[in-house]
Amino acid sequence: MHEVKNASLILEDGTVFKGKSFGYPGSTAGEVVFNTAMTGYPESLTDPSYEGQILITTYPILGNYGVPPRRQQDDVSEYYESDHIHARAIVAQDYSWNHSHWQADRSLADWLNEEKIPGIYGIDTRALTKLLREKGSMLGKIVVEGEEEPDFYDPNKENLVAKVSCKEVEVHGKGEKKVVLVDCGVKHNIIRCLTRRGLTVVRVPWDYDFNTITDADGIFISNGPGNPDMVDVTVDNLRKAMQGDKPICGICMGNQLLSRAAGASVYKLKYGHRSHNQPVRQAGTDRCYVTSQNHGFAVDDKTLPMEWEPLFINMNDGTNEGIRHKTKPFFSAQFHPEASSGPKDTEFLFDEFVKLL
Amino acid sequence: MKENIKKVLLLGSGALKIGEAGEFDYSGSQALKAMKEEGIETVLINPNIATVQTSEGFADKIYFLPVTPEFVERVIEKERPDGILLAFGGQTALNCGVKLYESGVLEKYGVRVLGTPVQAIIDTEDRELFVKKLDEIEVKTIKSEAVESVAGAIKAASRLGYPVIVRAAYALGGLGSGFCDNEEELVALTEKALSFSPQVLVEKSLKGWKEVEYEVVRDRFDNCITVCNMENFDPLGIHTGESIVVAPSQTLSNEDYHYLRKLAIRIIRHIGIVGECNVQYAFDPESMDYRVIEVNARLSRSSALASKATGYPLAFVAAKLGLGYGLFDLKNSVTKETSAFFEPALDYCVVKLPRWDLGKFHGVRREIGSSMKSVGEVMAIGRTFEEAMQKGLRMIGRGMHGFVENKEMKIEDIDSALSTPTDNRVFVIAEAMKRGYSVDRIHELTKIDRWFLYKLDNIMQTGRELEKHDSLEALPDELLRQAKQQGFSDFQVARSIFRDSAESPEELSLRVRRHRKERGIVPVVKQIDTLAAEYPAQTNYLYITYNGSTNDVNFLHDHRSIVVLGSGAYRIGSSVEFDWCSVNALMTVKKEGWRSVMINYNPETVSTDYDMCDRLYFDELTFERVMDILDLEQPHGTILSVGGQIPNNLAMRLDAEGVNILGTSAKSIDNAEDRHKFSSMLDNLGIDQPRWRELTSKSDIDAFIEEVGFPVLVRPSYVLSGAAMNVCSNDEELDRFLRLAANVSKQHPVVVSEFIQNAKEIEMDAVAQNGEIKAYAISEHIEFAGVHSGDATIQFPPQKLYVETMRRIKKVSGQIAKALDISGPFNIQFLAKNNDIKVIECNLRASRSFPFVSKVLKINFIDLATKVMLGLPVEKPNKSAFDLDYVGIKASQFSFSRLQGSDPVLGVDMSSTGEVGCLGTDTGEAVLKAMLAVGHRIPKKGVLMSTGSARQKAAMLASAQLLHKHGYTIYATRGTHAFLGENGIPAVRVYMPSQPDEHPQALELLHRKEIDLVVNVPKNLTPTELSNGYIIRRAAIDLNIPLLTNTRLAEAFIKAFTSLRTDEIEIKSWDEY
């Protein structure tokens, strides 16, 4: 039996959920969000889009297959989506103290301890999810027995993109064609998906004026955390790029920034799409895809200017899932074609992008 | 609707058998609902009269006919459907459909196959085509390479990669087979194998690999989803139907999960499925290597399970896709808002466990492996694996209380018990853990993934913690809660704390219950909503868990609901018929303006379809769980009499807690169930019964037999091994049985009853209100008493009963109904000889034959019974069985071919797994249909007769004459041959295996298929007599040659097929009778 400390999750509306601590026995605060994926906690935790958030997994049993080793391959992380955990904490109904998987080299609790990230289990995550669904995303904090209670922290008031973006220009891969990857908090699998297709990827910080890289064949805007309205610099750079005809592709935050650059507005969803089972339909076709998603903001379709059109639509709530320019080679997706974690049904979008180069 | 389809034919799966059971009633019912929603006329062919799908309101036309090409063609000719659905009736329907396609029948009548094209079905069914098809897209399958030399074997092995399995081709019983880890071992083994056989098969060994399955859906626009994935608890090598299955997968990483998911989608796109199919993988636990085991291009046991596990109605959606819809056209039937194109997110864990009844069969091996032997399954839902697993272990109904706190198991060699899995597998693991085996050691021996074992070990450890306390007061709340969260029942907690207390276990469990309720340790109700609470859902699909703090649903407490307890796992003796009863009770409850609430945990049923009731609790039918639900629901009342024996057994305890049991009182139920009380009641009423005595010593037994004479029926209260009941004809047998099976003692008395030979057995199914019979159906067994009523062939209305016998049965039944003040369904079994009748048994609940008699008579007995239980006035129907100008025959389906080694002989213990019911204008026609429907075929060449005692031989004489007259060659063993000769019937003398030097040998004729019907009647059920005919009977089963072991049934069948050709059988739907 494991000696465990009691811990609580306290929401800004005063609701308290009592559970037990695993991982780092410290307190923390952030925005509480839920994800309904049934696998993929190593990928989610290291996804920079979770910066500042407390992640609830609605699948009740967590930690089953441990954590794969921290290893680099082609100068990106082999198994993770960045070099460290971005989520503030993780919450589940039940934690598996013992794990089993050939790739694992330690348990989730060990990893969380290493990175000083608290975990809490024994919480009715279904009740918690329903609460968030009804009231919308909320701030929350995790207080471990005997530890000091921190203040609430609202990550949306910060420019999180600036926080997670790379600080200097990096080059990945070696290929004939060259694309600029604007790092708003890029998941490593986006880099892998591009380099695997024989591209040279020039990864630049979020506020870097990539228009100065004149020999680039295309521009790729990554995913990233937080409020897209905080990222004006990138939007301005994009507007400039859109004067030209170089192919532009965006994912998630990239979709929102491209939309903003086109002139559309974004809004915060009551509760975000965070799951592996979001159905999207390609506008005007019978083609449907199951997608992996992780976003709290959405593009307002109605504000798209004339020369743009929706590319994908969410089949559950009708929200925008991607846009494209009617004549120029610009398109983006709100979901994650790079998956990791989640279904790989839309990875072909990378091929579409490469074809345009 | 996208396609111009107005009328559709759906093929059912026929009788329930091992490997093809209730799941297809569910699938078919869903498909019929989907068609109905589209306004399409439906025609159903399914001889399984006990199913829900063959009830009024599901299909427009129902044919109780065999699902064979011959009959289906004739129905097509008559009905002229536009389309046919092949994917909803299991392998039976699929095979039949493929044959109709290949013979051009479908084309001839312009019938379109809806859904997956037949070519795609053929590509998945034919092993060679399948491998070729997947090779085209470089997807790996399990292949074996045939080699003829050691060098060839080495080459093959290096291509396949070690370890490999070497098998000698054409060798029986695995002679010369084995595993090789390296070349050295390979050389040694191949040399040996080549000495047995000219050819050796080398195959990659996947020993210890995981088995993982995906349920995949595709529409004609090429949109694909995987609705669910599932992982077997047991490693490869154990049939999925025999394995504990967990959903979603627990030990796969995201990468593993989506790698296999993507492959599954590639596969079904390439094969061209339209609708649903499953893809089964072997998956290396040490890498991402995989092999595709098989693809089922139809709804399956797994798809039914996946539907129940996720709330996604696969069969319903598949049927719609068959009509040409796209997934994007359809809505998620739980949320009603979101799209059907999505993949369910589970926020709970589901465990399926098989239910075996191997103890019912003589000679069957207990090991489980690559062929299926289980007869039913349960599904348990929890928010921890431990919780779901312990629920499930209770649900399978083998007297186990969960993973721990069970009765001691005697296992001599744990190591070999672990490495040779049997139906006791999980309990062997428990025993090993108890004896200190580590998770690693158990993993080594079983190859079960450590994760599952760690979880089981958690339960073990909590059990140990509990045992450290010896009173409820000393038990920390935290520990009690933890135990409940891991699925411990009150009983388990009570046993671990009170151990050898003198109080009854029921009382101790109640103490735990009261204590934890005081401490606020109570479970909550959660919904299954397909989207893990992401979207609002008005779902009524519920389960109970201790891993949660709030209920998902509100309780009105207006006492306007009625709780119906379902039947639990299908098992021998209780199956789809009770599902029919449960569903019909629910429908009447609803129709009469009450809210219907169902409790059941069998994923193969229609009653656990969440649109059959207002609330479905997919949970245990234990006293504890039922009380938990009743505490929350506070219904008007609870119905126990439609789900078979499991709910019936709860009557007294629920009554003691003040539960309002609708219908007959618990006290009356007890008076009928308790042998002594019932018997003295019959004595008081002057009703005759076979003499019986409950006895505790051999000398008492002898004294009783002195009085009644042999044979006697012996029922031990504690069974050591083998069957629970036996007929003993002499002292020697009695000794043997008591010594081997019964172990009579003061604690374990045996019940000995006189056994009346050559008596008729008669069933009375009825509904009474306040002790007055409102409707009844009397039916007769074709076989004489001695064949279990569940195995017997039943005729309704009776054709050969004296009017006087009928009159007496009615009178006695009336007396019993009055004495027990019955309100609701009941069944009485009688013996009749001359005009004397004796009562054998009385059950104050619906019986197995309720759907049969209801459908033949076209009066729904359950509807009436439910109205009675609701306290509504019920009129006596003004129709009686005497008015019927047709006959119904209910015949039993056996699954002996699946149960290797079992003796296919019928006795006092039930062994059939299913049934059919067919109608005919006379007995002969109905018998013929029914016998064909359970898989018998009309012989074309020769019949082997070996017909038991002199009396039995004489009984068969007329049949032998008929066979002879119709040109059959009769083969007969010594006694029968002599008897036939004396009576002027020519027969070929054949020899039993015990005389190997004589010719012709019966076995040889069977192998050569010279004989296509075997009538082998044992003189009696003594071990010596049985072993004589065993080899012949078993050979008949193994060679798929129809076998009859009862003279009365053999007579009926022979008379039927010699007087009527199958093409003379009328094709009449139910409503045309």
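In what follows, chains are A, B, ... by sequence order, proteins preceding strands, each numbered from 1. Please read these numbers as outputs of a predicted model, since none were measured by experiment.
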**Report entry** Residue among B/Glu337, B/Lys331, B/Arg261 with most heavy-atom pairs under 4.5 Å to chain A
**Finding:** B/Arg261

Query raised in the report: Do you know the tightest heavy-atom contact between B/Tyr454 and A/His99?
Result: CE1-O, 3.5 Å

Query raised in the report: Contact part of B/Glu478 toward chain A, heavy-atom cut-off under 4.5 Å: side chain, backbone, both or neither?
Result: side chain

Query raised in the report: Which bit of A/Lys20 comes within less than 4.5 Å of chain B, counting heavy atoms only: side chain, backbone, both or neither?
Result: side chain

Query raised in the report: Does some side-chain heavy atom of A/Asp317 sit less than 4.5 Å from a side-chain heavy atom of B/Tyr535?
Result: yes

Report task. Look up atom CZ in B/Phe328 and atom OG1 in A/Thr285, then write down how far apart they are to the nearest 0.5 Å. Result -> 8.5 Å

Query raised in the report: Please walk me through it: do A/Val290 and B/Phe341 pass side chain to side chain contact (heavy atoms under 4.5 Å, CB included)?
Result: CA-CA 8 Å; A/Val290 180; B/Phe341 179 85; 3.8 Å; yes

Report task. Return yes if some donor-acceptor pair links the side-chain N/O of B/Asn223 with the main-chain N/O of A/Asp286 below 3.5 Å, else return no. Result -> yes

Query raised in the report: If you count heavy-atom pairs under 4.5 Å between each of A/Ser340, A/Ser100, A/Gly122 and chain B, which one has the most?
Result: A/Ser100

**Report entry** Non-hydrogen side-chain atoms of A/Thr39 and B/Leu252 separated by less than 4.5 Å
**Finding:** no

Query raised in the report: Looking at SG of A/Cys288 and CD1 of B/Ile225, how far apart are the two atoms once the value is rounded to the nearest 0.5 Å?
Result: 10.0 Å

**Report entry** Intermediate values then yes/no, side chain to side chain contact (heavy atoms under 4.5 Å, CB included), B/Asn332 and A/Asn316
**Finding:** CA-CA 10 Å; B/Asn332 176 337; A/Asn316 282 343; over 6 Å; no

Query raised in the report: With only heavy atoms counted, which part of B/Pro536 is less than 4.5 Å from chain A, the side chain, the backbone, both or neither?
Result: both

Requested in this report: Pick one of side chain, backbone, both or neither for A/Met315, based on which atoms fall under 4.5 Å of a heavy atom in chain B.
Outcome: both

Report summary line: If one checks every heavy atom of B/Tyr348 against chain A at 4.5 Å, the contacting part turns out to be backbone

Query - Beyond-backbone contact of B/Arg450 with A/Asn98, side-chain heavy atoms, under 4.5 angstrom - result: no

Query raised in the report: Picking from A/Pro343, A/Gly40, A/Ser341, which has the most non-hydrogen pairs under 4.5 angstrom with chain B?
Result: A/Pro343

Query raised in the report: With a 4.5 Å limit on heavy-atom distance, are the side chains of A/His101 and B/Asp256 in contact?
Result: yes

Query raised in the report: For A/Tyr289, is it the side chain, the backbone, both, or neither that has a heavy atom closer than 4.5 Å to a heavy atom of chain B?
Result: backbone

Query raised in the report: If we only count heavy atoms from C-beta on, is the A/Pro60 to B/Thr384 side-chain gap below 4.5 Å?
Result: no

Requested in this report: First locate atom NZ of B/Lys262, then atom NZ of A/Lys344, and finally report the distance between them rounded to the nearest 0.5 Å.
Outcome: 6.0 Å

Report task. Tabulate, in ascending numerical order, the residues of residues 125-135 of chain A having at least one heavy atom closer than 4.5 Å to a heavy atom of chain B, or enter 'none'. Result -> A/Thr125, A/Arg126, A/Ala127, A/Thr129, A/Lys130, A/Arg133

Query raised in the report: Closest heavy-atom contact between B/Ser253 and A/Gln103?
Result: OG-OE1, 4.3 Å

**Report entry** Which atom of A/Asp124 lies closest to which atom of B/Ser549, heavy atoms considered
**Finding:** OD2-N, 2.6 Å

Requested in this report: Determine whether A/Ile61 and B/Lys455 make a side-chain contact, defined as any pair of heavy atoms from C-beta on separated by less than 4.5 Å.
Outcome: yes

Query raised in the report: CZ/A/Phe17 to OG1/B/Thr550 distance, rounded to the nearest 0.5 angstrom?
Result: 7.0 Å

Requested in this report: Mark yes when over 12 heavy atoms from residues, nucleotides or ligands other than A/Glu352 sit less than 6.0 Å from its CD; otherwise mark no.
Outcome: yes

Report task. May I ask you to name which of B/Ala533, B/Pro285, B/Ala532 has the most heavy-atom pairs under 4.5 Å with chain A? Result -> B/Ala533

Query raised in the report: How about A/Thr58 and B/Glu534: do any of their side-chain heavy atoms sit closer than 4.5 Å?
Result: no

Query raised in the report: Among A/Gly66, A/Pro279, A/Ala339, which residue forms the greatest number of heavy-atom pairs with chain B at distances under 4.5 Å?
Result: A/Pro279

Query raised in the report: Tell me, side chain or backbone of A/Ser275 under 4.5 Å from chain B's heavy atoms, or both, or neither?
Result: side chain

**Report entry** chain A interface, residue from B/Gly382, B/Ser287, B/Ala345, B/Pro344 that has the most non-hydrogen pairs under 4.5 Å
**Finding:** B/Ser287

Query raised in the report: Are any non-hydrogen side-chain atoms of A/Asp345 and B/His258 less than 4.5 angstrom apart?
Result: no

Query raised in the report: Near B/Asp440 CG, under 6.0 Å, is it more than 12 heavy atoms from other residues, nucleotides or ligands?
Result: yes

Query raised in the report: In Å, rounded to the nearest 0.5 Å, how long is the span from OG of B/Ser339 to CG of A/Asn277?
Result: 11.0 Å

Report summary line: Value for CG (B/Asn458) from CH2 (A/Trp97), rounded to nearest 0.5 Å, stands at 11.0 Å

**Report entry** Main-chain N/O of B/Gln250 paired with A/Asn64 side-chain donor or acceptor, under 3.5 Å
**Finding:** yes

**Report entry** Portion of A/Tyr271 that has a non-hydrogen atom of chain B nearer than 4.5 angstrom
**Finding:** side chain

Report task. Under 4.5 Å heavy-atom distance to chain B, tell me which part of A/Arg287 shows up: side chain, backbone, both or neither. Result -> both

Query raised in the report: Above 12 or not: heavy atoms from other molecules or residues under 6.0 Å from CZ of B/Arg519?
Result: no

Query - Residue pair A/Asp94, B/Gln485: steps toward the side chain to side chain contact (heavy atoms under 4.5 Å, CB included) verdict - result: CA-CA 10 Å; A/Asp94 183 34; B/Gln485 287 179 335; over 6 Å; no

